[in-house]
Amino acid sequence: MKVFWFPQHMAHQPEFFIMRGVVRRHHERPERVDVLREAARAAGLEDAEVPDITPDERTGIIDRLTRIHERVYVDFILGAHERWAQLPGAGPEIIPGIRAMPPSEAHPEDVAGLSGRFLGDMASPIGAGTAEAALAAVKVAETSAAEIAGGARLAYALCRPPGHHATQSVTGGGCYFSNIAAAIAVLRTQAPRIAVLDIDAHHGNGTQSLFWDDSDVLTVSVHADPVHFYPFYWGYAHETGGPEAKGFNLNLPVPVGAEDHTWLAAVRVGCDRIRDFAPDIVIVALGQDPHEADLLGAMRVTNDGFARAGALIAALARPTLVVQEGGYLSPDLGPATTEFLIAVQSG
Ligand SMILES: [Zn+2]
């Protein structure tokens, strides 16, 4: 069993973040990958560096991305920084200074104007290396999915930047492209029924929206109640799927500050729904940010809680692709990940 990663993620070094009006350094830092790789090795996974993207592969990845995201959006993410850097006095990262609001149907050409359409918040800055890192994360997801399609029982896609907030045409929460949708596109050729279990502290609104009307993909998310937590506008229990897929999206919000017992009860409900669905493959959107040591303070889940969540997933007894989402630097990021991965393999 392997952990797939790609050194190009280092090109993405987001700096700007604003929380409750205070500007501070972004918490989605490159060092996370070093900690998570080490944690995976400690859990017995083989370290697998994904080879460089060739020019042909790049074209292929972009082409496949345009079946997930709008082409204008993909083009914006890939080309925006070059245009931004030419603006007089531009800072190092694209941060939107305006929000595109309906009913305007204007199509400004200026990159600063477009940033208000394609960047959903100020938590997803685009720096010089962001687009290439985001493409690399997609390759990591596709490579890991191919490993599962080839018969592996478990693979860990150490994607960075993460992807579960990215919708068809809007970034969010440090996510640019949907790594999970890219993985599903690979897996679908052999596995018609796929379940996604998102245990990141934040609701996986991007994943939900991309499979909203698709009854072959069950999306389940356990997250801090959006009444009080990002992404605020999605993640409620009444969001159950589109007309063609009613009941194929399950949101399990838990109170901010929830401890193991409450969080695990929700994870168990999610796993029960997945068992009923009888998927060919389970994808876990792994965020370690529900952990009590995580700097965002969403919940109070312990290392043991992550081990128990891993055991619940292992009990589903399906080939499992773990895709990295959030979860930030803390002394417990590594240990929680190791315990989780050991438990997932125990099934
Ligand atoms: Zn998160």
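Throughout, numbering of the chain's residues begins at 1 and tracks the sequence. Note that the coordinates shown come from a computational prediction; the quantities given were computed from them, not determined experimentally. Whatever order the structure lists ligands and atoms in, that order sets their numbers, starting from 1.
Considering only residues two or more places apart in sequence or on other chains, H69 meets the ring pair (Phe, Tyr, Trp, His ring centres under 6.0 Å) condition with Y73, F177.
Of all N/O/S atoms in H202, ND1 sits nearest the Zn ion (ligand 1). For the Zn ion (ligand 1), the nearest N, O or S atom contributed by D200 is named OD1. Restricting D289 to its N, O or S atoms, the one at the least distance from the Zn ion (ligand 1) is OD2.
The side-chain tip of R193 points at the ring of F277 from less than 6.0 angstrom away and within 45° of straight on.
Counting Ile, Leu, Val, Met, Phe, Trp and Tyr side chains that sit under 4.5 Å apart, directly or through other members, F229 shares a hydrophobic cluster with V256.
Under a cut-off of 6.0 angstrom, the local environment of CD in E49 is crowded, with over 12 non-hydrogen atoms contributed by other residues, nucleotides or ligands.
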